[in-house]
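Some notes on the structure that comes next.
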Amino acid sequence: MHYLELVEPIKQLKRDGRLQEALELCLAAAEAAEAAREGREPAPWYSEQAAIIHRKLGERTEEIAVLTRWLIACPPERREGSRIQARLAKITAAK
């Protein structure tokens with residue numbers, strides 16, 4: 001299954017409260033998006049959703065790691081002003 005086809009299954013798993021399964025799909029999709037990026041930024045939705053799930057599970061360190069991973073995979077000129085950058089800044093400022 002292509003990672004773009006995982007949006008609805010991830011949303012459904014989250015609605016069903018099956019957060020760990022949704023997280024596993026998010027992380028697999030984020031990895032696939034990184035591999036398919038061809039010099040562009042990877043699709044951010046999967047990383048954002050993984051961060052949200054980590055937050056719900058109380059996994060702050062993992063939340064930061066997933067956001068940081070996306071930023072590292074993203075070309076420098078596309079990082080600033082991204083929702084991922086903003087979310088990470090908010091989390092780290094709250095320490």
Side-chain angles (χ1 to χ4, degrees):
M1 181 177 283
H2 191 274
Y3 72 91
L4 293 174
E5 297 174 18
L6 295 176
V7 172
E8 286 307 317
I10 290 167
K11 287 180 178 179
Q12 187 61 51
L13 287 169
K14 286 178 66 183
R15 281 192 293 269
D16 293 345
R18 296 163 57 189
L19 296 180
Q20 195 60 45
E21 291 171 74
L23 178 59
E24 290 170 16
L25 280 183
C26 284
L27 295 174
E31 188 174 314
E34 289 169 10
R37 68 189 180 97
E38 298 177 357
R40 300 180 311 260
E41 70 272 14
W45 188 83
Y46 306 99
S47 296
E48 289 173 328
Q49 294 304 307
I52 290 167
I53 294 168
H54 280 306
R55 169 66 59 99
K56 287 181 179 183
L57 295 173
E59 301 170 345
R60 181 186 172 103
T61 302
E62 291 84 351
E63 178 183 8
I64 292 169
V66 103
L67 296 172
T68 302
R69 178 179 171 162
W70 185 88
L71 287 170
I72 290 169
C74 187
E77 68 274 6
R78 303 291 292 171
R79 294 175 191 162
E80 198 63 37
S82 69
R83 290 188 347 205
I84 300 266
Q85 174 75 39
R87 184 177 182 95
L88 184 59
K90 184 178 178 182
I91 294 166
T92 54
K95 277 188 169 180

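Separation of atoms CD (Glu31) and OG (Ser47) is listed at 11.0 Å; rounding is to 0.5 Å. We find the CD-CD1 distance between Glu21 and Ile10 to be 12.0 Å, quoted to the nearest 0.5 Å. If you take CD on Glu59 and CD1 on Ile64, they are separated by 12.0 Å, rounding to the nearest 0.5 Å. Rounding to the nearest 0.5 Å gives a distance of 12.0 Å between CG of Leu67 and NZ of Lys90. The distance from atom CD of Glu24 to atom CD1 of Ile53, rounded to the nearest 0.5 Å, is 10.0 Å.
When each of Glu8, Lys14, Arg15 is checked for a side chain to side chain donor-acceptor pair (under 3.5 Å) with Gln12, only Arg15 meets the rule. Partner of Trp45 under the side chain to side chain contact (heavy atoms under 4.5 Å, CB included) criterion, out of Leu6, Leu4, Val7: Val7 alone.
Residues Gln49 and Leu25 have side chains not in contact (no heavy-atom distance under 4.5 Å, counting atoms from C-beta outward). Put simply, the side chain of Leu23 reaches to within 4.5 Å of the side chain of Leu27, judged on heavy atoms.
A distance-only check finds no donor-acceptor pair linking the side chain of Arg40 to the backbone of Arg78 [under 3.5 Å]. A donor-acceptor contact shorter than 3.5 Å links the side chain of Arg79 to the backbone of Leu71.
When all heavy atoms of Ala33 and Ala43 are compared, the pair lying nearest together is CB-N, 3.9 Å.
Heavy-atom neighbours of Glu77 CD from other residues, nucleotides or ligands within 6.0 Å: above the threshold of 12. The number of heavy atoms from other shown groups lying within 6.0 Å of CZ (Arg83) does not exceed 12.
Judged as a side-chain hydrogen bond (donor to acceptor under 3.5 Å, both in side chains), the pairs with a partner in residues 62-71 (not counting sequence neighbours) are, in order, Glu34-Arg69, Arg55-Glu63, Glu63-Arg87.
A single hydrophobic cluster is not seen to contain both Tyr3 and Ile52; linkage of ILVMFWY side chains at heavy-atom distances under 4.5 Å, directly or through other members, places them apart.
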